[in-house]
A.B. asks: 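Quick one: the structure is below, questions incoming.
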Amino acid sequence: MPKTSARLLSLLSLLQARRDWPGALLAERLDISPRTVRRDVDRLRELGYPIVAFKGPDGGYRLDAGTELPPLLFDDEQAVALAVALQIAATTGAGIEDAAVRALNTVRQVMPARLRRRIDTLQVTAVERPAIRPHPQVDSGVLVALSAAVHAREVLRFDYAPASPPEAIDDDRTPSPPRRVQPHHLVTWGGRWYLVAWDLDREEWRTFRVDRITPRTPTGPRFTPRELPGGEVAAFVAGRFRGSDGSDGSGDWPCRGEVLLDLPAAAVSRYTRDGFVEELGPNRCRLALGSWSWPGLAATIGRFDADIEVVGPTELKDAFAHLARRYAAAATDAPATSAATTVTPPAVAAVRPDRPDDGGDDLENDQGGHGPVGRARGAKPVKEPTPVSTASPASTSPDEHR
């Protein structure tokens, strides 16, 4: 490649990497004079790249948005990243599978032959985790509308479809009024899309499933964003899925305990996605695990068919004792005695079993069916496998009203 052509590609790559480039810095990075930078910028403009100049002490250049798509320049890592992202678009639940395939073909046509071959050899098969029922697809137009409201910081009004199927709803029921929220974040979790927003009518943070949202127009007035509990949206959403209010910013389970199991560490770790397993011997290991409640944690550990020694805390021991009495009563078909100690799970923010369709914290895990408010309405029991170890912390995460 001629030296000038190689220099133009390097200049274009730099201009794509950041918004503003001082002319002196470009000259230094390319090891050329400022005058040569100006000539090369003119050559790129002739090729159709909309490069604008800005004045000031650090005057320089900016690659502006154009009305036409000139030949694209990608390095090897960018080409691989683009191919992977577009090929796994089917797992996003955004309903953009066909558009992603077309986009990949379009981008491929304007790439150099070397990068086209690299993309063609990278074939990715996206496999989703099995679910009781398929995740609903989200209209890409709804995603764009919600994103626009989040970006513009405008109050959003929308209709929120009930969680129950239409035939399960009383025909005489008064339709719910539109929701009014301050949208803060649009997030994806486990193949579903959620809107994290401050509910203006209920005056609390809520998490809404996007596939049940129908935006109304126009949007409302602009607002000043509130501080999300904990500060980090990822930790906040993870905390809500795990049964906490997310205010501590850790995103961790509200209940964590530690036990010793008479099982090989390899057998336990196969079924422990969100815990810590330490080998103590050929047939003994230490397991640290979390859950949304102490009884939930004890039940999860109990699914390992092995002797258990509780390291701590005391709440976990109490939960085992509580479940032991309950299971013993179930085995003898006798009701549990009233003297049994009740183990109360920690408070879960916005759990309203008496208002299943109000849309508060409408979270759902990938296992389906179990959560701090019991089995969701209409969910079928999950058939558990029978191997020696069947515990999975994901099965203890909140699966609130759908």
A.B. asks: Mind checking whether L44 and L15 have side chains closer than 4.5 Å, heavy atoms only?
C.D. replies: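 SC-SC contact between L44 and L15 confirmed.
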A.B. asks: The test is side chain to side chain contact (heavy atoms under 4.5 Å, CB included); show your working for L261 and I301 and say whether it passes.
C.D. replies: CA-CA 9 Å; L261 297 176; I301 297 173; 4.2 Å; yes
A.B. asks: Provide the closest heavy-atom pair for P264 versus N283 in the form atom of the first, atom of the second, distance.
C.D. replies: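 P264 and N283 have their closest heavy atoms at CG-OD1, 3.5 Å.
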A.B. asks: In a check of side chain to side chain contact (heavy atoms under 4.5 Å, CB included) between Y194 and each of V237, T207, L186, which one passes?
C.D. replies: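 Of V237, T207, L186, side chain to side chain contact (heavy atoms under 4.5 Å, CB included) with Y194 is met by T207 alone.
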A.B. asks: Considering all heavy atoms of both residues, which atom of D199 and which atom of D201 are nearest to each other, and what is their separation?
C.D. replies: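 So the two residues come closest at OD1-N, 3.0 Å.
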A.B. asks: Test side chain to side chain contact (heavy atoms under 4.5 Å, CB included) on L156 and V150 and set out the steps.
C.D. replies: CA-CA 9 Å; L156 184 66; V150 171; over 6 Å; no
A.B. asks: Got a second to check how far D211's CG is from R192's CZ, nearest 0.5 Å?
C.D. replies: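 Here the interatomic distance stands at 6.0 Å.
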A.B. asks: Going from SG on C255 to CG on L289, what distance comes out if it is rounded to the nearest 0.5 angstrom?
C.D. replies: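 Those atoms lie 11.5 Å apart.
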A.B. asks: Output, in order, the C-alpha distance, side-chain angles, deciding distance and verdict of side chain to side chain contact (heavy atoms under 4.5 Å, CB included) for L146 and W193.
C.D. replies: CA-CA 11 Å; L146 299 184; W193 289 86; over 6 Å; no
A.B. asks: Please report the closest heavy-atom contact between A298 and A319, naming both atoms and the distance.
C.D. replies: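 That closest heavy-atom pairing would be CB-CB, 4.0 Å.
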A.B. asks: I need the single residue from L11, V37, D20 that forms a side chain to side chain contact (heavy atoms under 4.5 Å, CB included) with Y61. Which is it?
C.D. replies: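 One option only clears the test, and that one is V37.
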A.B. asks: Measure the CG-CG distance between D40 and L12 for me, rounded to the nearest 0.5 Å.
C.D. replies: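 Answer for the CG-CG pair, D40 versus L12, is 11.0 Å.
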A.B. asks: If we only count heavy atoms from C-beta on, is the D274 to W253 side-chain gap below 4.5 Å?
C.D. replies: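 A side-chain contact under 4.5 Å exists here.
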A.B. asks: Return yes when atom CZ of R39 has more than 12 non-hydrogen atoms of other residues, nucleotides or ligands closer than 6.0 Å, and no otherwise.
C.D. replies: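 Yes - once you tally the heavy atoms of other residues, nucleotides and ligands closer than 6.0 Å, there are more than 12.
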A.B. asks: Restricting to non-hydrogen atoms, name the atom on P254 and the atom on S291 that form the minimum distance, rounded to 0.1 Å.
C.D. replies: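 Shortest heavy-atom contact: CD-O, 3.5 Å.
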A.B. asks: How far does CD1 of I308 sit from NZ of K317, to the nearest 0.5 angstrom?
C.D. replies: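 If I round to the nearest 0.5 Å, the distance is 13.0 Å.
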A.B. asks: Keeping R180 on the side-chain end and V155 on the backbone end, is there a donor-acceptor pair under 3.5 Å?
C.D. replies: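 Absent.
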A.B. asks: So which heavy atom on G296 is nearest to which on S293, and how close?
C.D. replies: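 So the two residues come closest at N-OG, 3.0 Å.
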A.B. asks: If you compare all heavy atoms of L14 against all heavy atoms of R29, which two are closest, and at what distance to 0.1 Å?
C.D. replies: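 Distance-wise, the nearest heavy atoms are CD2-NH2, 3.8 Å.
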A.B. asks: Is it true that W294 and H322 have ring centroids separated by less than 6.0 Å?
C.D. replies: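 Ring centroids of W294 and H322 are no less than 6.0 Å from each other.
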A.B. asks: Decide yes or no for H185 and L228: does some side-chain heavy atom of the first lie under 4.5 Å from some side-chain heavy atom of the second?
C.D. replies: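 Yes - at least one pair of side-chain heavy atoms lies under 4.5 Å apart.
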A.B. asks: Would you find more than 12 non-hydrogen atoms of other residues, nucleotides or ligands less than 6.0 Å from D31 atom CG?
C.D. replies: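 Atom CG in D31 is not crowded, with 12 or fewer foreign heavy atoms closer than 6.0 Å.
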A.B. asks: Checking the side chain of Y160 only, and the main-chain atoms of R209 only, is there a donor and an acceptor separated by less than 3.5 Å?
C.D. replies: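 Between the backbone of R209 and the side chain of Y160 there is a qualifying donor-acceptor contact (under 3.5 Å).
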A.B. asks: With a 4.5 Å heavy-atom cut-off, do T214 and F158 have their side chains touching?
C.D. replies: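 Heavy-atom side-chain distance check fails, nothing below 4.5 Å.
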A.B. asks: Distance check, rounded to the nearest 0.5 Å: R153 atom CZ versus H184 atom NE2?
C.D. replies: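 Here the interatomic distance stands at 9.0 Å.
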A.B. asks: Got E309 and R284 here, is their nearest side-chain heavy-atom distance under 4.5 Å?
C.D. replies: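 E309 vs R284: side chains touch.
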A.B. asks: Does the R222 side chain pair with the main chain of A152, one donor and one acceptor, at a distance under 3.5 Å?
C.D. replies: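 Here the side-chain-to-backbone pair exists.
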A.B. asks: One thing to verify: whether R216 and D159 come together as a salt bridge, which I'm taking to mean a side-chain N less than 4.0 angstrom from a carboxylate O.
C.D. replies: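 Yes, charged N to carboxylate O under 4.0 Å.
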A.B. asks: Kindly indicate, with the supporting measurements, whether the criterion side chain to side chain contact (heavy atoms under 4.5 Å, CB included) is fulfilled by R206 and V181.
C.D. replies: CA-CA 9 Å; R206 291 297 181 92; V181 303; over 6 Å; no
A.B. asks: Are R157 and P218 side-chain neighbours, meaning at least one heavy-atom pair lies under 4.5 Å?
C.D. replies: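 When only atoms from C-beta onward are counted, P218 and R157 do touch, with a gap below 4.5 Å.
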A.B. asks: Output yes when D120 and R117 qualify as a salt bridge under the 4.0 Å nitrogen-oxygen rule, no when they do not.
C.D. replies: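 Salt bridge flag = no for R117 with D120.
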A.B. asks: Under 6.0 Å from the CZ atom of R256, do we count more than 12 heavy atoms belonging to anything else shown?
C.D. replies: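 More than 12 within 6.0 Å, yes.
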A.B. asks: What is the ring orientation for W205 with W198, classed by angle as parallel under 30°, tilted 30 to 60°, or perpendicular over 60°?
C.D. replies: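 The rings of W205 and W198 stand perpendicular, inter-plane angle above 60°.
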A.B. asks: Return the CG to CD1 distance between D139 and I213, rounded to the nearest 0.5 Å.
C.D. replies: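 So the CG of D139 and the CD1 of I213 are separated by 12.0 Å.
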A.B. asks: Using side-chain heavy atoms (C-beta onward) and a distance below 4.5 Å, is V311 in contact with V259?
C.D. replies: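 Answer no - side chains too far apart.
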